Amino acid sequence: MAAPASTTAPDPLDRYSRQVRFPALGEDGQRALMNSRVTLCGCGALGTVLANHLARAGVGHLRIIDRDFIETHNLQRQILFDERDVADNLPKAEAAARKLRLINSTIEVEPVVTDLDHTNALDLMGDADLILDGTDNFETRYLINDAAVKLNKPWIFGGVIGSEGQTMTILPGETPCLRCVIETAPPPGMTPTCETAGVLGPAVAVIASFEAVEAIKLLAGKKEALNRDLIMVDLWDWTFRQLKVSGLFGRVDCPCCKHRKFDWLEGEAGSHTTALCGRNAVQVASRRPEPLKFPEMADRLKALGDVRHNAFMLRFATEGYEFTVFPDGRAIIKGTNDIAKAKTLYAQFVGA
Amino acid sequence: MPLVRIPTPLRPQAGGLDKIEAAGSTVREVLADLGCQHPAIQERLFDGGEIRRFVNVYVNNEDVRYLDDLDTPVGAKDEVSIIPAVAGG
């Protein structure tokens, strides 16, 4: 005789029944998901879509790292946030955690409001089964790449601008790493950012959804189904491309995965940023291999307002901040003492 | 003639076009012809004789760095793509 329904504990798998029935995932895959840990780096446009998918899918432990607060212009594409979060001045990681706990109370969500850098990356990623890229700049992505390769943990890269995006799954020791495929980030004069070129919410959602499906496959132990290409999608032009990059593994002389030189993790590359005491300003120093090209930068920034430059510096103002940029990549941002805020502004308006 | 696909950020230097036919039998020749047609693109792609490190080039979806790099042969029906890294998110 069957036990009365009232004494039967609810099956924790019930809420996931519609994805458990998907044969390629199945019950074993679902149980693996529920026992897995993910570190999500960045909780903006990509990050909110990723966190939403993974919390609903039942990933057991979700650590969400973000250094930023929510602003009204984020709401166009950052799907976990609303106007009340803006009014409450909530950090993104905290607001996301509150929303995710309402969505799925059976998982653990751990918000971490911090600037991910070489001092904390290994600690924040060391216990994760998978690291996800929800960032908006290459400085942090190369740091994630260093940490993932050093820790021998998989990570998934995603980037979006305008109506197009890229994503790639990186399995250290098996597939090319980010530095094998993208040897160096474009210098600021040559790279549009979401702030200068715009970005469409649906494009972000598509790339983040690709990342999320890859995450589900990986955490569920379905490695054979993983993507091995650099995926490129443009929703405006309606194009989808799978660029073959697996042949680069072992063929390129990669400083990171071949020579195990972790420039970002060792603090030798990337930005060195300090608040300028009493000046309500922060200096962001980002070492560049070649000098910045001010005419191109000025052209890219002119939509924001008056941009002036000479051979020694470029100056512009936007959103109440004044930027003074030097040819070696160093910038002084007036209007804040907050290092994390200054780094965000630098990534937004000067470049990754 | 081989077709070069121009990424969004380079289209202002290419007369707004997303695809351009360019002559040549190697990646180097095709990109040189592209540079002749649209000189503003030349400096964005090359630093002296070498391709800039942040520019990736693909022939029919294959990364040229595991083929013959700039000497990779290109046929009349091949497609050469210039792929910049996408920063945002």
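All chains are named by letter (A, B, ...) in the order of the sequence lines, taking the proteins before the strands, and each is independently numbered beginning at 1. Small disclaimer: the values here were computed from a predicted structure and weren't measured.
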Problem set entry | Exam field: side chain B/Asn56 to backbone A/Val181, donor-acceptor pair closer than 3.5 Å | yes

For this session: Please check if the side chain of B/Arg52 supplies one atom and the backbone of B/Glu43 the other of a donor-acceptor pair under 3.5 Å.
Result: yes

For this session: Check whether the side chains of A/Trp155 and A/Asp133 place a donor and an acceptor atom closer than 3.5 Å, and report yes or no.
Result: no

Exercise. Does any donor atom in the side chain of A/Thr169 or A/Arg228 lie under 3.5 Å from an acceptor atom in the other side chain?
Worked result: no

Exercise. Do A/Phe294 and A/Leu292 come close enough that some side-chain heavy atom pair is under 4.5 Å?
Worked result: yes

Problem set entry | Student check: side-chain heavy atoms of A/Met168 and A/Leu178 closer than 4.5 Å | yes

For [X], is it the side chain, the backbone, both, or neither that has a heavy atom closer than 4.5 Å to a heavy atom of chain B?
X: A/Thr184; answer: both
X: A/Val252; answer: side chain
X: A/Ile207; answer: neither
X: A/Asp229; answer: neither
X: A/Thr239; answer: side chain
X: A/Gln242; answer: backbone

For this session: With A/Arg141 as the cation and A/Phe138 as the aromatic partner, state whether NZ or CZ is under 6.0 Å from the six-membered ring centre and within 45° of the axis.
Result: yes

Exercise. Partners of A/Asp237 by salt bridge (charged side-chain N to carboxylate O under 4.0 Å, His left out), sequence neighbours excluded?
Worked result: B/Arg11

Seminar exercise, completed: side chain to side chain donor-acceptor pair (under 3.5 Å) filter on A/Asp68, not counting sequence neighbours, yields none

Please tabulate, for the side chains in residues 66-73 of chain B, all donor-acceptor contacts under 3.5 angstrom to protein atoms that are two or more places apart in sequence or on a different chain.
residue	atom	partner	partner atom	Å
B/Tyr66	OH	A/Lys244	O	3.1
B/Tyr66	OH	B/Glu62	OE1	2.5
B/Thr72	OG1	B/Asp68	N	2.9
B/Thr72	OG1	B/Asp69	N	3.1
B/Thr72	OG1	B/Asp69	O	2.7

For this session: Heavy-atom pairs under 4.5 Å with chain A are the metric here; pick the option from B/Ile83, B/Asp47, B/Asn61 that has the most.
Result: B/Asn61

Exercise. Given the options B/Ser81, B/Pro12, B/Gly88, which has more heavy-atom pairs under 4.5 Å with chain A than any of the others?
Worked result: B/Gly88

Exercise. What residues of residues 28-41 of chain B sit under 4.5 Å from chain A when only non-hydrogen atoms are counted?
Worked result: none

